[in-house]
Structure formats: C-alpha cells, structure tokens
There are 2 protein chains.
Amino acid sequence: MSARMKDIAQDLGVSLMTVSKALRGHSDISEETRRRVVNRARELHYRPNWIARSLVTRRTYMVGLVIPDLMHSFFAEVAKGVGRKFGPLGYQVVISNSEENPEAEARQIEVLLDRNVDGVIIASAQSHIRSELFRILEKRETPYVLIDRMPTGFEGHYVGGRDEEIGMLATNHLIDQGCKRIAHLRGPVISPGSGRLRGYRRALAKHGLDAPLDYVASGLYEDGSGYEGMRKLLQLKKRPDGVFCYNDPVAAGAIKAILEAGLTVPGDIAVIGAGNVHYSDLLRVPLSTIDQSSSVIGETAAELLAQCIEAAKKPLPPKRVFIAPRLVVRESSRRK
Amino acid sequence: MSARMKDIAQDLGVSLMTVSKALRGHSDISEETRRRVVNRARELHYRPNWIARSLVTRRTYMVGLVIPDLMHSFFAEVAKGVGRKFGPLGYQVVISNSEENPEAEARQIEVLLDRNVDGVIIASAQSHIRSELFRILEKRETPYVLIDRMPTGFEGHYVGGRDEEIGMLATNHLIDQGCKRIAHLRGPVISPGSGRLRGYRRALAKHGLDAPLDYVASGLYEDGSGYEGMRKLLQLKKRPDGVFCYNDPVAAGAIKAILEAGLTVPGDIAVIGAGNVHYSDLLRVPLSTIDQSSSVIGETAAELLAQCIEAAKKPLPPKRVFIAPRLVVRESSRRK
DNA sequence: ACGAATCACTATAGCGGTAACTTTACGAAA
DNA sequence: TTTCGTAAAGTTACCGCTATAGTGATTCGT
C-alpha cells in the first residue's frame, strides 16, 4: 500500500498531527516544517486517504446527480454542466439513471445518501411532493436541488427553464410565420410538459386563435415517440398547419411522420421543438427550437448545491432559478 | 446523525461485534440473535456506514468510468450499459469526462484512484502505452479495462468493436450498391479510426477498386465535423459516389454538405456511418450505419472488470473481447 | 518580576466499522 | 471425572485521518 501520514511523520521525527496540519496548510506550523513535510510527502508519492478523512470530517466531496436518461441529450448536457462546475471544486459527481421510474429513483437516491454524498441534484420522475422520495430526503439532512421538473407542492431549491415562456415563444413564432391551426404534441404530465402546454394555450388565446382539444396530442416524450402523436394529428379533418412539440426528439418524430405522409415541412406544416439538442441542425429538416441552455441549468444547479453544502448545517432559504429561453429559427418553421 | 451499530448493540445488550456479524449473516450468530439484531436495525432505520466499512475492508464498491464525451451518444450508451451491469452488483459508477484530452484524462484517473475506486473502465484518449497514464495505472494495483480505443502497445484487458470488420462491412455494402468511387471520412488517429480505415482499404483492394489518397479525408470526429471533410471531397475533380464515414455524427455532417451542394443522397452519393446512434433514423436522410452494440460493449467491460475485482489481488490474464458489428441499411445508401 | 499571550508542536481520543483472536458454556468422548 | 470440541458470543487492535486540548518555551505588558 502507499505511504501514510504516519510514514512521513516517522521519517521526519515529528508527530502525525504536525504532518496532518502541515499538509492542510494549517497556520500553526512553521514554514520550514511545512516545507519539509511537503517535500517528504512528494518523495513518498503520498496521497491523502479520502475515506479516512471522510470518516472523521463527515464530508465526502461527492455529489449525486439523478436523471431519467443519460441518452437524452438534454440530460447529458446538464450532466456536463454539473461536472464542469463541480470538478474544479474538488467534488466527484456520481450519476444515477432512474429510467423515468419514480420507485427506482427513490431507491437510487437512498443508495447515494447511504454513501454519504454531500448533496444531490435531481431531475425527478416524481409528480408530487407527497411521495416516498421526499420523505426520505427530508429525514436526512443532505441538501438537494431539483432541476427541470418541479413536482407539485415542491417548495425547495429548483433550477429549470421558464416553461410557460418556452411554450409562448414557440407558439408565437408559429403564429408569426402565418400558421392558423396550431397543434401541440405535449410532453408527460410533469412541470415542463404542463408549463409548455400552458404557454401554448396562452399564446393562442392572446391571438384569438382556436385550440381545439384534439389539437393537443399526448404522445410520450422519447425518441421518435412524436411519430405516433403526429400521425394521429394528421388524421384530423382540419389538419394543423403548425405544430409545437414538447421537445426536439418528439419534433424529430413528428417531422418523420409528416414527410412520410407526403407532406412538406415547413410548407404544409411548420414544426418547432424545444431543447436545441445538438443534432437538431442535422435532422430531416433542420429543426427550429427553443434553446433552454441545458448546460447552464446544470451549472447553475451545481453552484446552488455547492452553496447549500458550504452553508454547513443551516439550510438556505429555498431558491428558484429560471433560465431564460431563446428562439432558434431553422428551416422547419421558416415560412416567410 | 443516524443510528450506529453501537446503538443496536447497547439496546440489545450484546456486543458491537455480534451486531456486525449478525447484519452480515455471519455463521457464528444464532438464528434468534440475528433476528433480534435485524429487527432492531430496522426499527432504528440503521444504514451501514460505507465509509467506515471501506476504511477497513479496502473496498469502496465504486468504479470509475472515463470517457471523452458524454454528449456523444455512443459513450452515453456505453455508460448506460456499464451502469446496468454494475448497479445490481452493488457498485456505484463514477463517470468522468476527459474531453478528449490525454492529460485531463490522466488527471481524472488519478483522482478516481485517489478515491480508492475498485476499478476503472476507460475509453482512453491516449494514443500510446508509453504515456504518463499507464505509468500511473501500473503503479497502483487497481484493475482497469480499456474500451473502444486501444493505444498502441497496450496489452491489458480490452473490450471494443471489430473495427477492421466495421470498415469492410460498410465499404462492401457501398460496393454492393454499385458505388465505384468510394471515399472515406476518417476518424482520429486512434485504434477505431485506423482499424476502420484499414477495413475500408482492404475491401476496396479485394474488389480491385481504386483508393486514391485524396479520397481519405481526415476531419475531426465531432458533431457536424464531417461537414468540412465532405466539402473538401466534393471539390475533387473525380467526385466520389459513395462515402464511408468514421461514425454517425460525421456522416450526418457529410450529408448536410452533400445536400447543400445541390446533390442527392443516395442518388449522387451514397453515405454510410458507424455506431447506429439513436437519432440516425431521424437525420436528413435516414442513415445507413454499422451497429456496434454500444451498450453491450459497456456491459461486457463491466462484467470483465467485476471479475478482475473479485479476483482479489491476483491479476487475471489479459482478456480481449471484440463485439461483432452488424450492417443496418437505411435510405442513405440504398441504391437498388 | 510575574502572569498572560503566542508559537510551534504533541498526545489522546475518537469517526464506525471489521479481522482475528479469545472466552464461555455445554454436551460428548475418553 | 477429565478432556475436548463446538457453537455463540465477546475483546482487542486497528484502518488513516482529524479535532481538541494540551505542552513547554519564549515574548510581552504593566
């Protein structure tokens, strides 16, 4: 095994504690002793034992990140943001995949807490705060920040997009482009899905446009799942001439369905998504979308969590950050 | 803080050691005592302290996974596979992003080793085994498995695709489709890039087809980077009528360049990629590709690493697994 | 000149477990 | 009866590190 503080101490004829303090730059060690210790440490390739340190300090410098799906590039981007922020702070990020399953998620978070992570960031699959997960979280004193999805009744730290604004921005854009019959492929019944739907409705209402109930199709929200939803919309007697999709993967599926039906995008139907995933520009028709700065969401959440952790035991007053959305126009919606 | 073994022991009037043994199902504890301990543990919501346990057992049940880019869906898929295998075994997977930078990678792996992970899986950015990283890895006794990329001279555990076969499969397919002038957008100078290039050359040679030097363009290998490479190929006097691209993201960029030049895919130029990333079906032109079972690579590497870890100190003889590729034909190459 | 403060360092006591030995009790074998 | 074996505990000694409370020697204030 590698060198321990004890070895350095013996070699130098000082006490173990002197070594410990010297290595941590503690003030009551003379400059000369410190230098001797540091040199000897380097010679022996000493590496502090995090485990032992954690046992006594009760800090692991590990944080958990729980997301529903690594393959979804929104979450991959969030993860990247989180890592970029925490890395330089000396934290390790442990990513857990909940597979969009609330129970699995609760179980995973328990595992993380059992590992004594210093904090957790969660894109939660829970729809309501009255779920097992939150009982678990509140019992322990580990700080946590929710991202992207806000379960109803949730009062704690949160970082996400302004979903209603996203819905309005997208819908307004379609209206601007001259669309009269605008449909929506909605997402799951969690906050981003509902918020974007609200925004869609508000935008239509403001412009005095109709939003027939059957213009809101609820597909799923995974790869190509927009395909099924769009096919249903295409069968309506009054076919829509614009679709706002919950996110880019859904929009990609929608475009596939439209083209397959022999129609054109944006000519017959204009399409806009949300999320600006990295491959949006490469789709069948380059996809207009609402950028929500995914990696900024990750970074912001990381920063907030870091503050909570530093704040020692005193829980900070709940903070909510909503990142501003931005319209990105590409070919799929350009009609003028 | 939560309950410790000591609390259970005191409550039950037994020794700490009895509790420890009972909870781990040790044989020299009577069935009745064991039951009493387990019950009391449940009542107190006892959770074992991993940190303390790790300190003495020298096992953390954490493994590192180092990849160049989480956003690249190949690696996300690998990560998913790794997680799926290790989760049920009680391991936590810590993912580190090397950003394709060899030094950053070495640094990150050092951090992981400092954290006493039980093993590491690496999609390495190193091109040669004579690099700092391998000195570090060999000094410690932590087992590791390389995936996807094999640095020259590397002799240890490895799991990846059969790159030469991938190159041949793709190229043969283009030949089958009647392409006569087949170009290659090659990847970086690491094993998959070189292997696929070799496969491309062998396939052409076998069919007596020319492979002019300027038909091999080296772009990068990131999102849309195939775009630049393809533009160069389009300027050649003898324009290619088929392109095998290092991977799907490169192919996506290539298609973009081709369409932009007013040409058609696959009519004027057939395109095939490799990797079968999840959005390949949704691109401008649905992309033909070589599937390399990314998540199987992850799972296999995880299984291999788990074996190495279980094998206690005795290092296993180096094992290499090459996953078989599979042709997936979509529209981008269908000419018949 | 005498107590207080300062400096640079040390001794001790854990953190929450586990490994490796003992010990104890009790029935079976010699 | 004595010895022995075995089941079911208990003791002790760490794992590598940090927090806390000292220690002795020098410096300082009044």
Side-chain angles (χ1 to χ4, degrees), chain A residues 1-38 40-41 44-62 90 113-118 140-141 312-313, chain B residues 1-38 40-41 44-62 90 113-118 140-141 312-313:
Chain A
M1 200 50 190
S2 43
R4 297 149 304 163
M5 285 191 178
K6 191 154 87 164
D7 303 319
I8 301 178
Q10 280 168 356
D11 288 6
L12 263 45
V14 298
S15 83
L16 207 180
M17 208 48 224
T18 302
V19 176
S20 172
K21 284 179 177 169
L23 289 176
R24 284 176 299 148
H26 215 288
S27 71
D28 52 67
I29 295 295
S30 71
E31 185 50 30
E32 199 208 316
T33 310
R34 200 188 63 74
R35 217 193 308 278
R36 291 206 309 144
V37 169
V38 169
R40 189 67 188 137
L44 295 178
H45 297 108
Y46 171 78
R47 315 256 67 194
N49 182 323
W50 275 94
I51 313 265
R53 181 179 288 177
S54 292
L55 186 56
V56 33
T57 60
R58 265 111 218 303
R59 295 271 263 109
T60 54
Y61 282 87
M62 295 198 314
L113 294 173
D114 282 353
R115 295 266 186 175
N116 296 287
V117 293
D118 291 341
R140 323 256 191 145
E141 296 160 356
K313 301 285 129 181
Chain B
M1 200 51 190
S2 43
R4 296 149 307 163
M5 284 192 178
K6 191 153 87 165
D7 302 319
I8 300 178
Q10 281 168 355
D11 287 6
L12 263 43
V14 297
S15 83
L16 207 180
M17 208 47 224
T18 303
V19 176
S20 172
K21 286 177 178 170
L23 289 176
R24 282 176 301 148
H26 214 287
S27 72
D28 51 62
I29 294 296
S30 72
E31 185 50 29
E32 201 208 315
T33 310
R34 200 188 61 75
R35 216 191 311 277
R36 290 205 310 145
V37 169
V38 170
R40 189 67 188 137
L44 295 178
H45 297 108
Y46 171 76
R47 316 255 69 194
N49 183 323
W50 275 94
I51 313 265
R53 180 178 288 175
S54 292
L55 185 56
V56 37
T57 61
R58 264 112 219 300
R59 293 273 262 109
T60 54
Y61 282 87
M62 296 198 312
L113 294 173
D114 283 352
R115 294 266 186 178
N116 297 286
V117 292
D118 292 340
R140 323 257 190 145
E141 297 160 355
K313 303 283 129 183

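Chain naming here is simple, since letters A, B, ... match the order of the sequence lines and numbering starts at 1 in each.
Between B:Arg24 and C:dA19 there is a side-chain polar atom (N or O) within less than 4.0 angstrom of OP1 or OP2. A close approach under 4.0 Å does occur between a side-chain nitrogen or oxygen of A:Arg58 and OP1 or OP2 of C:dG16. Of the side-chain N and O atoms in A:Arg4, none sit less than 4.0 angstrom from OP1 or OP2 of D:dC17.
Both B:Glu31 and B:Leu55 lie near DNA chain D, and the one whose nearest nucleotide falls closer to the 5' end is B:Glu31. Nearer the 5' end of DNA chain D, as judged by each residue's closest nucleotide, is the contact made by A:Leu16, out of A:Leu16 and A:Lys21.
B:Ile8 has its CD1 atom 13 Å from the P atom of C:dG16, to the nearest Å. In this structure, the CE atom of B:Met17 is 9 Å from the C1' atom of C:dG17, given to the nearest Å. As a whole-Å value, the separation of A:His26 NE2 from C:dT10 C1' is 14 Å. Whole-Å rounding puts the A:Asp28 CG to C:dA5 C1' distance at 15 Å.
Between A:Glu31 and A:Arg34 there is a salt bridge, with a side-chain nitrogen of the basic residue lying less than 4.0 Å from a carboxylate oxygen of the acidic one. The residues B:Arg140 and B:Asp114 are annotated as salt-bridged, a charged nitrogen and a carboxylate oxygen being separated by less than 4.0 angstrom.
Residue A:Met5 is classed as a sugar-phosphate contact, given heavy-atom separations below 4.0 Å to backbone atoms only. Counting non-hydrogen atoms under 4.0 angstrom, B:Ser30 reaches the backbone sugars and phosphates but no base. At a threshold of 4.0 angstrom between heavy atoms, the contacts of A:Thr33 are confined to the sugar-phosphate backbone, with no base atom among them.
B:Arg4 contributes atom CZ, which lies 7.5 Å from atom CD of B:Gln10 (distance to the nearest 0.5 angstrom). Going from atom CZ of B:Arg115 over to atom OG of A:Ser54 covers 7.0 Å, rounded to the nearest 0.5 Å.
The side chain of A:Val56 lies closest to D:dG16, out of C:dC9, C:dG17, D:dG16. The listed nucleotides are D:dA19, C:dT10, D:dG16; the one nearest the side chain of A:Ser15 is C:dT10.
In this structure, A:Arg24 contributes its side chain and A:Ser20 its backbone to a donor-acceptor pair below 3.5 Å.
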